[in-house]
Amino acid sequence: MLSPLIVAHFLSIVKEIVKRGLKKDYVQREDNLKKVKGRIAIFRNERMNIQKERYDKVFCQYQEYSEDTVENRLIKKALLFSQQILQVAGLSPSLLPLQHTVHECLSAFANVNDQIEVWEVKAIKHHKIFKEYDDAIKLAQMILHRYDYNITNITTAEEEECPVFWIDMAMLYEHYVLGLLREAYGSLIHYQERGHTGYPDFVCYSPQVVLDTKYIPRFYQGSIDTYIVRQLSGYSRDKWIFPTQPDANIPCVIISPIEGDEENPFKNKPLEDFLQKEDRHLWNFHRIAVPLPMLNEN
């Protein structure tokens, strides 16, 4: 159940790595060559060449500056697993972009081997400097561990119960609402704008509105906590977010979940329409209830 979400997150990070270019490093190689490269592996050369009277060959150990690093091999292995996971999940419209992304990423890893041992996967150290690689390695290890490092387990895996605390529902709801807002208003919606007082979930500059999701169902009708009022009020007065002084207080909107049919309440409706009804206790504070998709247990 979680696999497609993890795969989507993993692919978004790998796409950034591909855009910046794969990290290269010196890789240890061993090969039977016609001339000496690096240093001769004396015992293996004697066993493979001298004892067999193959005097035209020399078994050497050398280093090569290459993309074929352990980290890249791990990521490629996880990409192959992700490709198989998406194939098993089926050809739904929501998964097609992910399948295209897998193909794009795999083409960038064409010069990288996909053979990696389990002990190598567990021994890989995280990179503090390369943030994207650090995240990609963690997710790749998670994907491989989920299927016990065996790609054939993907086709035979059964559904397992997922404890609710595994998912950050507040973040998931925030991204869900972001998708609905972008579908309705496109580039007018700015996500996580940097401000002096923090990072509001969504900001719109035409009209000027601050919107924030709260995964708290009671906020649709009940009283709003004071700290949330102060938080959104700070965003609406932040000069980093709104450099030009507004003529009036900027509206603050709290978006909270309710149960209902899966729909986009913002579609074909101007954002100004949601600012007609004001909170009875607070000036220029408004509420919007966005229904959550419900699983059909039948």
**Item:** Audit row: Arg73, Asp68, salt bridge (Lys or Arg N to Asp or Glu O under 4.0 Å) steps and yes/no
**Value:** CA-CA 6 Å; Arg73 283 191 279 127; Asp68 192 25; 3.8 Å; yes
**Request:** Dump the intermediate steps for ring pair (Phe, Tyr, Trp, His ring centres under 6.0 Å) on Phe274 and His286, then the final yes or no.
**Result:** CA-CA 8 Å; Phe274 295 97; His286 311 271; over 10 Å; no
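When Ile6, Leu80, Ile143, Leu98 are each tested for a side-chain contact (heavy atoms from CB on, under 4.5 Å) with Ile85, only one passes: Ile143.
Following chains of ILVMFWY side-chain contacts shorter than 4.5 Å, one can reach Leu180 starting from Leu172, so the two form part of one hydrophobic cluster. By the criterion of side-chain heavy atoms lying less than 4.5 angstrom apart, applied directly or through intervening Ile, Leu, Val, Met, Phe, Trp or Tyr residues, Leu188 is grouped together with Val177 in one hydrophobic cluster.
Ring geometry for Tyr215 versus Tyr173: interplanar angle of 30 to 60°, hence tilted. Between Tyr26 and Tyr65, the two ring planes are tilted [angle within 30° to 60°].
Remark: the backbone N or O of Leu33 is not paired with any side-chain donor or acceptor of Asp31 at under 3.5 angstrom. A donor-acceptor contact shorter than 3.5 Å links the side chain of Asn284 to the backbone of Asn249. Of the possible donor and acceptor atoms, none in the side chain of Glu16 sits under 3.5 Å from a partner among the backbone N and O of Ser12. Side-chain atoms of Tyr133 come within 3.5 Å of backbone atoms of Lys23 as a donor-acceptor pair (strictly under, hydrogens ignored). The backbone N or O of Asp279 sits nowhere less than 3.5 Å from a side-chain atom of Arg287 that would complete a donor-acceptor pair. A donor-acceptor contact shorter than 3.5 Å is absent between the side chain of Asp201 and the backbone of Leu211. Asp114 places no side-chain N or O within 3.5 Å of a backbone atom of Lys76 that could act as its donor or acceptor partner. In this structure, Asn72 contributes its side chain and Glu67 its backbone to a donor-acceptor pair below 3.5 Å. The backbone N or O of Ile13 sits nowhere less than 3.5 Å from a side-chain atom of Glu132 that would complete a donor-acceptor pair. Without hydrogens or angle criteria, Asn113 side chain to Gln115 main chain gives a donor-acceptor distance under 3.5 Å.
Cluster partners of Met48, using a side-chain heavy-atom cutoff of under 4.5 Å among ILVMFWY residues and allowing indirect links, are Phe59.
A donor-acceptor pair shorter than 3.5 Å can be found between the side chains of Gln231 and Tyr235.
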